Structures are given as structure tokens and as C-alpha cells.
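So the structure is just underneath, and the comments pick up after that.
Within every chain, numbering begins at 1; the chains are lettered A, B, ... in the order of the sequence lines, protein sequences first and strands thereafter. The analysis underlying the following values was restricted to heavy atoms, covering all of them including side chains, and did not include hydrogens, waters or symmetry mates. None of the values given here were measured: they were computed from a predicted structure.
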2 protein chains.
Amino acid sequence: MEIEKCEVTVIHENVVRAVKEQMPDEDKLVATAELLKVFGDPTRIKIICALLKAEMCVCDLSALLDVSQSAVSHQLKTLKQARLVKYRRDGKVIYYSLDDEHIGRIFEAGYEHVMED
Amino acid sequence: MEIEKCEVTVIHENVVRAVKEQMPDEDKLVATAELLKVFGDPTRIKIICALLKAEMCVCDLSALLDVSQSAVSHQLKTLKQARLVKYRRDGKVIYYSLDDEHIGRIFEAGYEHVMED
DNA sequence: CTCTCATATGAACATCTGTTCATATATATA
DNA sequence: TATATATATGAACAGATGTTCATATGAGAG
């Protein structure tokens with residue numbers, strides 16, 4: 001009958017119950033974490049920030065950010081999977097752009113917070 | 001005199017130059033990535049979401065989220081270091097809350113994007 | 001001062017992540 | 001078809017990350 005105290009102790013039952021009712025679905029929270037995680041890497045956020053200004057191809061991003069072509073390509077794959085960027089092909093060149101104006105809002109929210117210190 | 005092609009090839013010089021001028025400081029972008037990275041974990045985003053509703057102590061968070069006391073405490077440390085949460089002591093109990101209403105904005109921006117699919 | 005309990009912390013460990021390197025794919029051009 | 005170039009991809013590896021476990025710290029109660 002060994003029960004660790006803190007696993008079970010709830011100091012403010014009413015608060016916990018009230019908040020529990022207001023909490024969004026677990027799935028949605030996990031999805032939100034997964035989305036924001038994609039913004040949480042220097043290379044990726046630079047790509048996002050760059051694409052906020054103009055659509056660009058892999059070589060341009062590579063030169064602009066001073067990151068290898070392979071690294072850019074790998075990160076673009078991550079961004080694609082998270083549906084943050086879309087692309088169009090024109091001959092040999094593939095142009096990437098942000099999938100959605102919404103993406104900018106998330107970036108801005110983070111950036112503004114950083115600038116307010 | 002070996003130069004890999006893509007490291008140097010810039011297909012759209014003018015675009016790259018223009019975007020480069022508009023890019024924020026490297027530091028700020030890295031800081032933004034570091035900030036958003038903190039939101040990119042299921043446990044932490046749940047803590048943030050919970051504290052959006054009410055200030056809570058470690059035990060309550062542990063019970064609410066069904067995560068061990070130790071894990072909650074470790075994550076609160078991360079959140080503290082990123083200045084996302086603040087705390088006040090009342091006897092044995094330490095109450096955590098969001099440091100800033102701004103934090104909610106970032107969460108909401110991500111959450112809303114998730115809900116729009 | 002001692003006991004209890006809320007919280008913090010350090011080490012260990014398994015997993016995840018981002019880059020590099022080598023190579024493959026796809027498209028245009030000669 | 002052969003070659004050049006833009007991009008993608010898989011394996012490998014080092015470093016980061018999140019949890020657990022054991023233990024420490026700090027404050028109130030007795």
C-alpha cells in the first residue's frame with residue numbers, strides 16, 4: 001500500500017477540477033506543441049523569416065543563411081511535413097513559400113515577445 | 001580550387017540581397033527560436049495552457065497533467081529560465097503563474113492554427 | 001529540534017534532432 | 001543520349017532533450 005505522497009496529493013482539488021474542465025483535448029495540445037516545435041530551431045526559423053519576405057529556391061536559401069544545401073533541404077522537408085511551406089516547380093528550380101499567412105502570425109508573436117525586453 | 005557548386009550558386013542574386021537586408025539580427029532570430037522551442041514540448045505546453053487558467057502549485061500540475069512531480073519540477077525550471085513563468089511562495093507551497101499576458105498570445109496563435117484544419 | 005511534506009536537483013539513460021557526407025533523382029540542354 | 005545542375009535522401013554521428021530514480025532542500029507543525 002505504498003503510495004508516494006505527491007503523486008496523489010492534490011492541494012487544491014477545486015482548482016484542478018475547474019482547470020481540467022477548461023483544458024483543450026490532449027490531441028490538440030500535442031499538435032500545438034508539435035507545430036511550435038518546428039519554429040524552435042535557428043535554421044528553420046530563419047527559413048520561415050526569409051520566406052515571409054519572398055518565395056525562394058533552395059540554393060538562394062542556402063546562400064542567404066549560409067547553411068549547406070543539404071541541411072536546407074532536410075529542414076524544408078520538416079517544414080513541408082508540418083505544412084508550414086508549400087512549393088512550386090519551375091524547370092529545375094523549386095520555389096518554396098509559406099503555406100499560409102497564419103504562419104507569419106506565430107512568428108511575429110514570438111519575435112515581438114523577444115523584442116520587448 | 002574545389003568549390004562545390006550549390007554552396008556558391010545564387011540563382012536570384014537580387015532577391016537574396018533584398019531579403020538579406022530585411023532580415024532581423026541573427027541574435028533576435030536565434031532568441032525567437034529558443035523562445036518558441038520552449039512551447040514545443042507536450043508537457044510544457046500543457047503547463048502553459050493550465051497556468052493560462054489559474055495559478056497552480058507543483059502538486060496540482062502533477063495531478064492535473066498526470067506527470068510525475070519531478071518531471072513537472074524540471075519543466076518548470078525550463079519555463080522559469082525562459083522567463084515564461086513566475087512564482088510566489090506561500091508557506092510550503094509554491095504557486096506558479098505565467099510571467100506575462102504575452103505568453104498567452106503565442107500559445108493562442110499556435111492553437112488557433114491547429115484548430116483551422 | 002525533529003518530523004512531515006512540497007519542491008528542487010543531479011546523475012543516468014534512452015530517445016530524438018540536426019548536420020555532414022555520399023549519392024540518388026529529376027529536369028534542362030547540348 | 002550524355003552532361004550539367006537543382007534538389008532530395010539515407011546513413012552515420014555527435015549533441016541535445018525529457019523522464020526516472022534517488023536524494024537534497026526548505027518551511028511549517030508539533
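- Whole-Å rounding puts the Y87(B) OH to dG26(D) P distance at 12 Å.
- Under the 4.5 Å side-chain criterion, counting only non-hydrogen atoms from C-beta, M115(B) is not in contact with E112(B).
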Just the table, please: protein N/O against nucleotides 18-24 of chain D N/O, every pair under 3.5 Å.
residue	atom	partner	partner atom	Å
dG18(D)	OP1	R44(B)	NH1	3.2
dG18(D)	OP1	R44(B)	NH2	3.0
dG18(D)	OP2	R44(B)	NH1	3.1
dT19(D)	OP1	T43(B)	OG1	2.7
dT19(D)	OP2	Q75(B)	NE2	2.6
dT20(D)	OP2	S68(B)	OG	3.1
dT20(D)	O4	H74(B)	NE2	3.3
dC21(D)	N4	S70(B)	OG	2.7

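- With T32(A) contributing its side chain and K28(A) its backbone, the two residues share a donor-acceptor pair below 3.5 Å.
- The only member of L61(B), D41(B), T78(B), L52(B) that meets side-chain contact (heavy atoms from CB on, under 4.5 Å) when paired with I47(B) is L61(B).
- The distance from atom OH of Y87(A) to atom CG of D99(A), rounded to the nearest 0.5 Å, is 11.5 Å.
- If you take CG on L29(A) and CZ on R44(B), they are separated by 14.0 Å, rounding to the nearest 0.5 Å.
- The separation between L79(A) atom CG and dA8(D) atom C1' is 15 Å, rounded to whole Å.
- D25(B) places no side-chain N or O within 3.5 Å of a backbone atom of D27(B) that could act as its donor or acceptor partner.
- In this structure, CD of E34(B) is placed 14 Å from C1' of dT17(D), rounded to the nearest angstrom.
- Distance CD1 (I94(B)) to C1' (dG26(D)): 9 Å, rounded to an integer number of Å.
- Among the atoms of the strands shown, only primed sugar atoms or phosphate atoms (P, OP1, OP2) are found under 4.0 Å from some heavy atom of Y96(B).
- One atom, NZ of K77(A), and another, C1' of dG10(D), lie 9 Å apart when rounded to the nearest Å.
- A sub-4.0 Å separation between OP1 or OP2 of dT25(D) and a side-chain N or O of K92(B) is absent.
- For the segment residues 24-33 of chain A, the set of residues with a heavy atom within less than 4.0 Å of an atom of DNA chain D is empty.
- Checked against a 6.0 Å centroid threshold, the rings of Y95(B) and H12(A) count as neighbours.
- To the nearest 0.5 Å, atom NZ of residue K37(B) and atom CD of residue E34(B) are 7.0 Å apart.
- Nucleotide dC16(C) forms a pair with dG15(D), judged by Watson-Crick or G-U wobble geometry with both contacts under 3.5 Å.
- The shortest distance between side-chain heavy atoms of S62(A) and V72(A) falls below 4.5 Å.
- At whole-Å resolution of the value, CG in D90(A) and P in dT29(C) are 11 Å apart.
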